[in-house]
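Just below is one structure, and these are the notes that go with it.
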2 protein chains.
Amino acid sequence: MGNRSKIPDIVIGRLPIYLRALTFMEAKGQEITSSQELGDKLGISSAQIRKDLSHFGEFGKQGTGYHVDFLKQQLRRILKIDCEWEIVMIGAGDLGRALAHYGGLSERGFRITAIFDKDPAKQGQKLGACVVQDTRHMAEVIKAKGYKIAAIVVPASAAQAVVDICIKAGIKAFLNYAPITLSVPPDIHVQYIDPVAHLQRMTFYL
Amino acid sequence: MGNRSKIPDIVIGRLPIYLRALTFMEAKGQEITSSQELGDKLGISSAQIRKDLSHFGEFGKQGTGYHVDFLKQQLRRILKIDCEWEIVMIGAGDLGRALAHYGGLSERGFRITAIFDKDPAKQGQKLGACVVQDTRHMAEVIKAKGYKIAAIVVPASAAQAVVDICIKAGIKAFLNYAPITLSVPPDIHVQYIDPVAHLQRMTFYL
DNA sequence: TAGATTGTTAATCGATTAACAATC
DNA sequence: TAGATTGTTAATCGATTAACAATC
């Protein structure tokens, strides 16, 4: 049985990738897979997949492999996405609007249920299922509803200030689209999405 | 002097982060920095920053540190972003439209100059500076203009087929927004952007 | 049973860090 | 000069892989 006491973050980062592949297999009607097959599909060694999973328990059968549906449900449980998560979004510019309209979020268990912008022209607008509210009410709403995750979709120059307020109000995890490294206490999680950084990484090899 | 023969990919991945921090410092008017200061800002050890940079040359002065502008230009040269890169985008849905309108791309040297979609209703539409074209002409245009980078913004179910066509036409690097692991030859580079995978990684810790 | 594949151990590989001579 | 900081080496740390007994 896996020892959960000290699981490397890099392992956690691979679980959503495994989950994505399992979801794809399930959609095709495939019922069984193996670490070998998963690894081939993902460009990861089979040993690594077995090692990663072993941190959390024993999910397979020798000689057979893994039940796609069972392993998928286990990963969802481990990642705590066997429920729906509500997200607060700050910023209602082009990118914010795209994120609010992106169906992939809610399909996969994440719903944006509050949106804030400091621009009065945007306040009151309907965006997806929400009405854009004044940033001044942000802390209050986060506290009242107990939001834990925030998507930061404001300009880089405003991001740190917004994040500081969110943390004070109780946010524990940020999905940050602003192209800036945020300064946060060690118990706060940040994931960065910066397409330009990805592009710059690839041009090196061209 | 650095030995460029075998630079770890993980080092390349940090260079855009360093560049982002330097750009921020430059905007503030700061002329000098040190590995210590950069590391503090980015949550990275100063030793790692010096080691990373040492792969490419000697850019600092003992006792002083680094000239922000000089180091920035060197990183731009190393990453090959001291010129403008043209990108072809496939998919003109919500996300594609947001990407086409995202000013951050062209600000930082990447321009989307061709857009394709297989939906006739979208063809002919103006999106940013481009007119959406029929996917059937994609290979032809990629070859004629010599595009090397493609942004994939089609549904997951269509992504692999689109990528296969792009590779045949000469694309070497993909920025992939479809939530699926692509199968590509070893000389082709792929960077993945999947906000849901990032969110799933964070909920583990909540 | 024979063949296949798991979970786990030990070995290998690679990345990070500490330390310091060099020197601005 | 004295203080600060680089670039680099060697030591440490952690992640990946190979191999295999267990067993379905």
Side-chain angles (χ1 to χ4, degrees), chain A residues 1-18 21-22 25 30-72 74-75 78 186 201 204, chain B residues 1-18 21-22 25 30-72 74-75 78 186 201 204:
Chain A
M1 168 51 176
N3 169 13
R4 290 199 58 150
S5 61
K6 191 73 173 345
I7 295 159
D9 182 56
I10 198 164
V11 171
I12 305 302
R14 280 191 294 261
L15 299 187
I17 311 301
Y18 300 163
L22 291 165
M25 288 174 175
Q30 186 177 341
E31 293 187 356
I32 300 280
T33 188
S34 66
S35 58
Q36 181 70 52
E37 187 192 33
L38 260 176
D40 287 350
K41 286 233 165 37
L42 299 176
I44 290 176
S45 81
S46 65
Q48 179 157 90
I49 289 175
R50 294 198 301 277
K51 185 105 216 281
D52 284 356
L53 296 177
S54 76
H55 286 99
F56 307 97
E58 306 189 357
F59 307 117
K61 276 206 181 65
Q62 284 100 326
T64 309
Y66 304 90
H67 277 89
V68 171
D69 179 62
F70 176 73
L71 184 53
K72 189 187 148 203
Q74 292 302 310
L75 288 179
I78 292 163
R201 186 174 180 161
F204 173 82
Chain B
M1 169 50 176
N3 170 11
R4 292 200 56 151
S5 61
K6 193 70 177 343
I7 296 160
D9 182 56
I10 198 164
V11 171
I12 304 302
R14 280 192 293 260
L15 299 187
I17 310 301
Y18 300 163
L22 291 165
M25 288 173 175
Q30 186 177 342
E31 294 188 354
I32 300 279
T33 188
S34 66
S35 58
Q36 180 70 52
E37 187 192 34
L38 259 176
D40 288 349
K41 286 234 165 39
L42 298 176
I44 290 176
S45 79
S46 65
Q48 179 157 88
I49 290 175
R50 293 197 302 277
K51 185 107 214 281
D52 284 355
L53 296 178
S54 77
H55 287 99
F56 307 97
E58 307 189 357
F59 306 117
K61 276 205 181 68
Q62 285 101 325
T64 309
Y66 303 90
H67 278 88
V68 171
D69 179 62
F70 176 73
L71 185 53
K72 190 187 148 202
Q74 292 302 310
L75 288 178
I78 292 163
R201 185 174 181 162
F204 173 81

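Chain A is the first sequence line, chain B the second, and so forth, proteins listed ahead of strands; every chain is numbered from 1. Computed from heavy atoms alone, side chains included, the values below leave out hydrogens, waters and symmetry copies. This one's a predicted model, so the numbers in the text were calculated from it and none came from an experiment.
The side chain of B/R50 approaches D/dG7 more closely than any other nucleotide in the set C/dT9, C/dG7, D/dG7. Out of C/dG7, D/dT17, D/dT23, the shortest distance to the side chain of A/E58 is found at C/dG7. The listed nucleotides are C/dA18, D/dT16, D/dT6; the one nearest the side chain of B/A47 is C/dA18. Distance from the side chain of B/Q62 is smallest to C/dC24 among D/dT9, C/dT8, C/dC24. Proximity note for B/Y66 (side chain, C-beta onward) versus C/dT17, C/dT23, D/dG7: the nearest is D/dG7. The listed nucleotides are D/dG7, C/dT16, D/dT17; the one nearest the side chain of A/S45 is D/dT17. Distances were taken from every side-chain heavy atom of A/S34 (C-beta onward) to each of D/dT5, C/dT5, C/dG7; the shortest belongs to C/dT5.
Summarising the geometry, the separation between CG on A/L71 and C1' on C/dT6 is reported as 13 Å, rounded to the nearest angstrom. As rounded to whole Å, 11 Å separates atom P of C/dT8 from atom CZ of A/F59. Taking atom CD on A/Q48 and atom C1' on C/dG7, their separation rounds to 15 Å, with Å as the unit. As rounded to whole Å, 12 Å separates atom P of D/dG7 from atom CG of B/D52. Straight-line distance from the CD atom of B/Q36 to the P atom of D/dT6: 9 Å, rounded to whole Å. Protein atom CZ of B/F56 is 15 Å distant from nucleotide atom C1' of D/dG7, rounded to whole Å. Rounded to whole Å, the distance from CD1 on B/I32 to C1' on D/dT6 is 13 Å. Atoms NZ (A/K51) and P (C/dG7) sit 13 Å apart, rounded to a whole Å.
Contact annotation: the side chain of B/P8 approaches that of B/V11 to within less than 4.5 Å [non-hydrogen atoms, C-beta and beyond]. Counting heavy atoms from C-beta outward, A/I12 and A/I7 have side chains that approach closer than 4.5 Å. Contact of the A/Y66 side chain with the A/R50 side chain is registered, since non-hydrogen atoms from C-beta on lie closer than 4.5 Å. Side-chain contact between A/K41 and A/T33 is absent, with no heavy atoms from C-beta onward closer than 4.5 Å. Between B/Q48 and B/S35 there is no side-chain heavy-atom pair separated by less than 4.5 Å. Side chains of A/E37 and A/M25 form a contact here, defined as non-hydrogen atoms less than 4.5 Å apart.
Across all strands shown, C/dC13 forms a Watson-Crick or G-U wobble pair with D/dG14, both key distances being under 3.5 Å. Pairing partner, D/dC24: C/dG3, with both Watson-Crick or wobble hydrogen-bond distances short of 3.5 Å.
When each of A/D9 and A/T64 is assigned the nucleotide of DNA chain D with its nearest heavy atom, A/D9 is the one assigned upstream, toward the 5' end.
Counting non-hydrogen atoms under 4.0 angstrom, A/S46 reaches nothing in the nucleic acid.
Of the side-chain N and O atoms in B/S35, one or more sit less than 4.0 angstrom from OP1 or OP2 of D/dT6. At the phosphate of C/dT16, OP1 or OP2 sits under 4.0 Å from a side-chain N or O atom of B/R14.
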